[in-house]
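Here's the structure we're looking at; comments come further down.
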Amino acid sequence: MWWSRLKALIIKELLAVMRDPKSRLILIGPPIVQLLVFSYAATLEVRNVDIALLNRDSGHWAQELVQRIDGSPTFRSISSLQNLTELQEAVDRQRVTAALVVGPDFSRNIEAGRPADLQIILDGRRSNASQIVAGYLNQIVATLAAETPAGEHAAARSVAVVPRNWFNPNLIFQWFMVPNLIASIALLIGLIVTALSIARERELGTFDQLMVSPLRTHEILIGKFIPPMMIGLFHMTIYILAAIFIFGVPLRGSLLLLYGSSLFYLASVAGLGLFISALSTTQQQAILGAFLFLVPAMLLSGFATPIENMPDWLQPLTVINPLRYFLVIVKGVFLKDIPPAEVLNQTWPLLVIAAITLSAASWLFRRRLE
């Protein structure tokens with residue numbers, strides 16, 4: 001009998017989500033937008049950069065430097081300037097991200113074996129892009145310097161360093177971003193759908209009907225968090241298929257480990273959603289509460305910046321964030337083929353979070369009934 005009651009509640013929750021236009025929009029819109037925006041637009045790479053060049057040297061090495069910069073796919077256009085006034089105006093008006101100044105003795109100093117200096121002026125208002133562009137220009141200059149007579153003479157006595165990038169040899173940004181989206185979209189969908197469940201019952205006036213039904217309190221909670229887990233698994237499957245067949249992300253690990261750990265991850269997300277829903281009286285409050293947790297969870301998960309780079313007082317707050325642990329699992333399964341022991345090491349905190357949040361939601365739910 002308990003399974004029949006629970007099955008009826010699960011079907012009822014799925015129908016309530018599918019028939020509600022707002023819920024359907026949440027289920028369809030954000031996943032598509034995130035897949036398109038984050039996979040293609042949200043990148044740490046800097047391309048199509050406009051730079052300015054003030055070249056005061058007509059020698060061979062200055063022309064060689066200009067040709068190499070012009071041939072780089074990173075730079076979209078190179079504006080030739082005549083004086084420092086034009087350079088200052090180009091940077092001030094943000095027409096260029098960086099400006100390169102070549103001195104009149106650049107080629108002569110290289111032929112004589114003397115240091116030849118270049119000046120790179122960066123737009124500090126675009127701090128991240130400016131530093132990356134400076135790295136690109138320094139790399140071009142370093143390559144050119146190695147081919148000068150003094151550079152070739154020094155290279156004969158130096159040790160060559162050849163870098164190798166493990167797990168992502170060509171540094172394809174989608175290999176990093178798309179696995180992250182698998183975890184983040186499950187958090188977004190699972191949290192919002194679960195947060196709306198009880199709040200929707202109160203707002204529509206069906207909460208009292210649910211209370212007088214034969215369902216017990218724990219059965220209501222189970223029936224409330226299983227449908228979001230099913231929906232989350234569905235979206236995760238779609239993203240996994242897109243990662244493999246559209247973006248070409250290699251799947252080096254076990255899908256069984258990924259799906260097994262995702263059950264605990266979705267359970268912890270559903271527990272947080274039920275806790276927010278039990279606190280809310282309207283769907284608007286539930287959505288605001290979900291986003292109040294969602295934004296810090298994304299920022300403190302290691303999605304964009306490593307947790308080790310955060311201040312020491314902020315790092316302990318990431319312990320209660322389920323996204324932090326599942327990001328390690330999903331990227332490890334896709335790119336590293338991490339062993340089951342490491343998956344278990346990242347899964348047991350999810351089990352603890354799920355137990356605490358579900359217990360808190362159950363306690364708050366019973367208290368509301370008194």
Please identify each residue that fulfils salt bridge (Lys or Arg N to Asp or Glu O under 4.0 Å) with [X], with sequence neighbours left out.
{"X": "E86", "answer": "none"}
{"X": "D57", "answer": "none"}
{"X": "R95", "answer": "none"}
{"X": "D105", "answer": "R108"}

Taking [X] for its side chain and [Y] for its backbone only, find out whether a donor-acceptor pair lies under 3.5 Å.
{"X": "S184", "Y": "L181", "value": "yes"}
{"X": "N345", "Y": "A341", "value": "no"}
{"X": "Y265", "Y": "A183", "value": "yes"}
{"X": "T194", "Y": "L274", "value": "no"}

Between [X] and [Y], a side-chain donor and acceptor under 3.5 Å:
{"X": "Q67", "Y": "Q63", "value": "no"}
{"X": "Y259", "Y": "T237", "value": "yes"}
{"X": "S301", "Y": "N321", "value": "no"}

For S359, enumerate each residue passing the side-chain contact (heavy atoms from CB on, under 4.5 Å) test, keeping only those at least two apart in sequence or located in another chain.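 With sequence neighbours excluded, S359 shows a side-chain contact (heavy atoms from CB on, under 4.5 Å) to no residue whatsoever.
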Looking at residues at least two apart in the chain, or sitting in another chain, which of them share a ring-ring contact (aromatic ring centres under 6.0 Å, His included) with F247?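 Listed in chain order: Y40.
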Identified side chain to side chain contact (heavy atoms under 4.5 Å, CB included) counterpart of R76 within the set N48, V49, I51: N48
